[in-house]
Amino acid sequence: MDAYAAIVSKRDTRSFTADPVGDDDLRRILQAGRMAGTAKNRQSNRFVVLRDQARKSELAACGQFSAWIPTAPVNIAVVMTPDGRDFDAGRAAQNMMVTAHALGLASCPVTMHDNDCARNVLGAPEGHTVAIVLAIGHPDPQDPGRMNAPRTPLDDLAFQERWGGT
């Protein structure tokens, strides 16, 4: 799948099979996150991979809408060092999700609303921020809503020269 096709066809999903994510696929996903650009090349993103069911459940308790993340075989927490930028974490997360999609895997990002809780679960040092957690796994073929969410037409959200300009 080429990059454009992977980007425009990727959809978030919260429904996964129990099949494990292979080590080679996981390494490629993490490598894609590592290669994301960062402000001033700080390379301030760190990744904590969770496969243990109890640990994933413990992490899920740190978010307000994250009770479902333990259903994914893998959770990847994007943790920023103190000099990190939210935008950089987002770039890494998007790289990883698009790569997962290109590998035939599904993903969905989730916010950890209680950073101290998430940081403690992950063992991240003081001053670090859990920017986002990615749930990754094989898509559940029985998920009826996976590809049905309509997207806003491009002409309704992209303007030339000025807001609302055509």
Side-chain angles (χ1 to χ4, degrees), residues 1-16 21-53 55-139 146 149 151-152 157-158:
M1 179 180 309
D2 73 16
Y4 181 77
I7 290 167
V8 300
S9 65
K10 191 246 182 264
R11 295 292 180 271
D12 293 339
T13 186
R14 294 178 182 94
S15 297
F16 306 94
V21 172
D23 290 340
D24 289 342
D25 286 347
L26 181 57
R27 185 157 183 83
R28 289 184 72 162
I29 291 165
L30 293 167
Q31 178 70 357
R34 181 181 83 90
M35 295 308 295
T38 57
K40 299 180 182 174
N41 197 31
R42 285 188 175 110
Q43 301 181 50
S44 54
N45 295 320
R46 302 294 182 266
F47 310 119
V48 180
V49 178
L50 302 177
R51 294 183 191 220
D52 179 75
Q53 197 64 32
R55 183 63 49 102
K56 291 185 295 182
S57 294
E58 199 177 348
L59 183 62
C62 301
Q64 295 175 6
F65 307 101
S66 54
W68 58 272
I69 66 172
T71 66
V74 172
N75 291 172
I76 301 173
V78 180
V79 180
M80 294 184 308
T81 61
D83 63 342
R85 303 287 184 267
D86 290 343
F87 182 72
D88 296 340
R91 292 173 74 184
Q94 188 71 9
N95 274 13
M96 289 190 282
M97 290 187 295
V98 170
T99 298
H101 177 57
L103 294 169
L105 299 167
S107 64
C108 189
V110 66
T111 300
M112 296 290 105
H113 295 88
D114 185 342
N115 186 68
D116 288 337
C117 173
R119 193 176 45 75
N120 288 332
V121 168
L122 299 171
E126 184 74 32
H128 287 57
T129 303
V130 181
I132 197 157
V133 173
L134 307 178
I136 297 176
H138 295 274
R146 183 157 187 254
R151 306 299 292 182
T152 302
L157 55 87

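Along the sequence shown, residues carry numbers from 1. All of these numbers come straight from a predicted model, not from anything done at the bench.
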Return the minimal non-hydrogen interatomic distance between [X] and [Y], and the atom names on each side.
X   : Y    : result
K56 : A72  : NZ-O, 2.6 Å
M96 : V78  : CE-CG2, 3.7 Å
T13 : C108 : O-CB, 3.1 Å
M97 : P109 : SD-CD, 3.6 Å

Examine distances only and state if a side-chain atom of [X] and a backbone atom of [Y] form a donor-acceptor pair shorter than 3.5 Å.
X    : Y    : answer
K10  : A100 : no
D114 : C62  : no
N45  : D88  : yes
T129 : A131 : no
Q53  : P70  : yes

Measure the spacing between [atom1] of [X] and [atom2] of [Y] and express it to the nearest 0.5 Å.
X    : Y    : atom1 : atom2 : value
M80  : I132 : CE    : CD1   : 10.5 Å
L50  : I69  : CG    : CD1   : 8.0 Å
N75  : R51  : CG    : CZ    : 11.0 Å
N115 : L122 : CG    : CG    : 9.5 Å
T99  : L30  : OG1   : CG    : 10.0 Å

| Relative to the ring of W68, is the ring of F16 parallel (under 30°), tilted (30 to 60°) or perpendicular (over 60°)? | parallel
| message | Can you tell me if D24 has over 12 outside heavy atoms packed within less than 6.0 Å of its CG? | response | no
| message | Does atom CE (M35) have a neighbourhood of more than 12 heavy atoms from anything else shown, all under 6.0 Å? | response |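 Count not over threshold, so no.
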| query | Does a salt bridge link D116 with R119, judged by any charged N lying under 4.0 Å from a carboxylate O? | reply | yes
| query | What residue among P139, S107, S9 forms side-chain contact (heavy atoms from CB on, under 4.5 Å) with H101? | reply | S9
| message | Apply side-chain contact (heavy atoms from CB on, under 4.5 Å) to residues R46 and T81 and explain how you reach the verdict. | response | CA-CA 7 Å; R46 302 294 182 266; T81 61; 4.0 Å; yes
| Passes side-chain contact (heavy atoms from CB on, under 4.5 Å), V121 versus R55? Steps please. | CA-CA 7 Å; V121 168; R55 183 63 49 102; 3.6 Å; yes
Do [X] and [Y] have side chains that get closer than 4.5 Å, going by heavy atoms?
X   : Y    : result
L26 : I76  : yes
R11 : R151 : yes
D83 : K40  : no
Q64 : T111 : no
I29 : L134 : no

| message | Show, in sequence, the C-alpha distance, side-chain angles and deciding distance for M112 and C117, and conclude whether the side-chain contact (heavy atoms from CB on, under 4.5 Å) test is met. | response | CA-CA 8 Å; M112 296 290 105; C117 173; over 6 Å; no
| R28 and Q31: side-chain donor and acceptor closer than 3.5 Å? | no
